[in-house]
A.B. asks: 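My structure is below; once you've seen it, I'll send some questions.
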Protein chains: 2
Amino acid sequence: MTDTKTRILDLAENLTQSKGFNGFSYLDLAAEVGIKTSSIHYHYKSKADLALALVERHREALEAAFKRLDDDVANPADRLESIVTHFKGYIGEEKICMCGMMAAEFESISPAVRKALALYFRDFQNWLAKQFSALGHPNPPAVALQYVSALEGSLLLARLEGDASVVDRSLDGFVNT
Amino acid sequence: MTDTKTRILDLAENLTQSKGFNGFSYLDLAAEVGIKTSSIHYHYKSKADLALALVERHREALEAAFKRLDDDVANPADRLESIVTHFKGYIGEEKICMCGMMAAEFESISPAVRKALALYFRDFQNWLAKQFSALGHPNPPAVALQYVSALEGSLLLARLEGDASVVDRSLDGFVNT
DNA sequence: CTTGATATCTACTGGTATATAGATAGATTG
DNA sequence: CAATCTATCTATATACCAGTAGATATCAAG
């Protein structure tokens, strides 16, 4: 069994992706984990601490995923497809990108979390730029920004329409131009 | 002086764009308008009613803006630029698109508001498709979806970076391809 | 077998949320 | 003038929220 601290984080991640970081309370976490709210405070002193842990773990997970793709998948186009498939999977669970959600909630998060979020998106773009570079794009950083923007926006629309193909259609044309 | 009901809506719109619809309370509105929370309930029976009024007014405003552009601006490319300039203006006020924000908060809004939101984005895409059609794009509806996705996503990133040029760079290439 | 760390609990505080009931002052209308 | 409507108030209900203090249980190390 995974330890409580991790279970809390897993649950908070899920809830953030569906209802937003301000859309759940320590009571929701406690009820689901099966402990009291005060015990959640034991693991994460404040909700701001929880937010930071959430974003930092997420960035590490992203980096690990990139490393795995770099090692296991030879073709950059296939790597991109694999990443998009991952994000598309959120739609079926009525979720969106956790960091996209937090970026929307920008005004109610601490400076530390804002910095962590910005780092997440920069890491994301850097990796994307490498893939586009390998694919021979003339301006990899520019296309990487366009890709992330389109991805994040498409997740909002896809969930609204209940149609994951919105993501594919929004990203169509980035690889084969 | 604008009437109270409108002032409440204006204020709620602003707050939704910066902190999200779940990021403010009737108390915030009351304090700013200078009346009691119970008086806000007089104008908008429940917060869900307020949400619906917000989205519906926003859609009407969007349609009016489109009509004005169609009448006053001859070149479709100039029309697009004008719309983007409008959205870019949000960034300086630490705001994003109101309907984009509500789409992020999808899981906590009523079915009626969800429908109104979907309608907003469909209207937006329909108008965009007309502009791209006039510009000779081979597949206007497809490019309209890509444009909205990129715009919504770019607003999230632009506010995070505190840099409105992120929007321009995310939308670069849509008009002159 | 005692000490100290870990993880949980009970019980509580102070604050905020949305919402409703009932009263009132002033304008409008028949 | 009487009835009604508009917009507000006071007061309250009900529920939730984040966070804290302090007691308790478990267990490993010395």
Side-chain angles (χ1 to χ4, degrees), chain A residues 1-55 57 101-102 104-114, chain B residues 1-55 57 98 101-102 104-114 116:
Chain A
M1 186 63 154
T2 51
D3 72 336
T4 305
K5 194 163 183 174
T6 308
R7 282 214 293 153
I8 293 168
L9 214 54
D10 290 344
L11 204 56
E13 182 171 294
N14 240 279
L15 284 165
T16 301
Q17 289 184 256
S18 61
K19 315 213 290 184
F21 186 73
N22 297 320
F24 66 91
S25 71
Y26 269 32
L27 193 65
D28 296 318
L29 298 174
E32 187 71 25
V33 174
I35 56 176
K36 301 292 168 180
T37 57
S38 46
S39 304
I40 310 286
H41 278 285
Y42 171 77
H43 294 287
Y44 300 98
K45 199 164 159 42
S46 74
K47 217 184 166 191
D49 290 339
L50 176 62
L52 194 56
L54 223 39
V55 178
R57 187 181 71 162
M101 180 67 93
M102 283 205 162
E105 294 174 299
F106 179 76
E107 289 296 316
S108 59
I109 60 177
S110 70
V113 179
R114 290 179 184 191
Chain B
M1 185 60 153
T2 51
D3 72 338
T4 304
K5 194 164 184 172
T6 308
R7 280 214 293 154
I8 293 168
L9 215 52
D10 290 344
L11 205 54
E13 182 171 296
N14 241 279
L15 285 165
T16 300
Q17 289 184 255
S18 61
K19 317 213 287 181
F21 186 73
N22 298 320
F24 67 92
S25 72
Y26 269 32
L27 194 67
D28 296 318
L29 299 174
E32 186 71 26
V33 175
I35 56 178
K36 300 293 167 178
T37 57
S38 45
S39 304
I40 311 285
H41 279 284
Y42 171 79
H43 295 287
Y44 301 98
K45 198 164 161 41
S46 75
K47 217 184 166 191
D49 290 340
L50 176 63
L52 193 56
L54 222 39
V55 179
R57 187 181 71 164
M98 195 195 74
M101 181 66 94
M102 283 204 163
E105 293 174 302
F106 179 78
E107 290 296 316
S108 60
I109 59 176
S110 71
V113 179
R114 290 178 184 192

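Numbers restart at 1 for each chain; the letters A, B, ... are given by sequence-line order, proteins then strands.
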A.B. asks: Whole-Å distance between dT16(C) P and Asn22(A) CG?
C.D. replies: 16 Å

A.B. asks: Figure out the NE2/P separation between His41(B) and dA13(D), and round it to whole Å.
C.D. replies: 16 Å

A.B. asks: With side chains defined as the heavy atoms from C-beta onward, is the minimum distance between Leu54(B) and Phe21(B) less than 4.5 Å?
C.D. replies: yes

A.B. asks: Whole angstroms only, please: what is the OH-P distance between Tyr26(A) and dC9(C)?
C.D. replies: 15 Å

A.B. asks: For the pair made of CD1 in Ile40(B) and P in dT16(C), what is the distance, rounded to whole Å?
C.D. replies: 17 Å

A.B. asks: Please indicate whether Glu32(A) has more than 12 foreign heavy atoms, meaning atoms of other residues, nucleotides or ligands, lying under 6.0 Å from its CD.
C.D. replies: no

A.B. asks: Between Tyr26(A) and Ser46(A), is there a donor-acceptor pair closer than 3.5 Å when you use the side chain of the first and the backbone of the second?
C.D. replies: yes

A.B. asks: Taking the side chain of Thr37(B) as heavy atoms from C-beta outward, which of dG19(D), dA19(C), dC17(D) is closest to it?
C.D. replies: dA19(C)

A.B. asks: For the pair made of NZ in Lys45(A) and C1' in dG19(D), what is the distance, rounded to whole Å?
C.D. replies: 9 Å

A.B. asks: Locate the shortest heavy-atom distance separating Arg57(B) from Thr6(B); write the atom from each residue and the value.
C.D. replies: NH1-CG2, 3.9 Å

A.B. asks: For the pair made of CG in Leu27(A) and P in dC17(D), what is the distance, rounded to whole Å?
C.D. replies: 6 Å

A.B. asks: Whether the side chain of Asn14(A) engages the backbone of Leu11(A) through a donor-acceptor N/O pair (distance < 3.5 Å, no angle test) should be reported.
C.D. replies: no

A.B. asks: Could you state the atom-to-atom distance from OH of Tyr44(A) to P of dT20(D) in whole Å?
C.D. replies: 17 Å

A.B. asks: When you look at NZ of Lys47(A), are more than 12 heavy atoms from neighbouring residues, nucleotides or ligands closer to it than 6.0 Å?
C.D. replies: yes

A.B. asks: Measure from CG on Asp28(B) to P on dG15(C) and round the result to the nearest Å.
C.D. replies: 17 Å

A.B. asks: Taking only N and O in the side chain of Ser25(A), is any of them less than 4.0 Å away from OP1 or OP2 of dC16(D)?
C.D. replies: no

A.B. asks: Look for any protein N or O under 3.5 Å of an N or O in nucleotides 4-8 of chain C and output each such pair with its distance, or none.
C.D. replies:
| residue | atom | partner | partner atom | Å |
| --- | --- | --- | --- | --- |
| dA7(C) | OP2 | Tyr42(A) | OH | 3.4 |
| dT8(C) | OP1 | Thr4(A) | OG1 | 3.1 |
| dT8(C) | OP2 | His43(A) | NE2 | 2.5 |

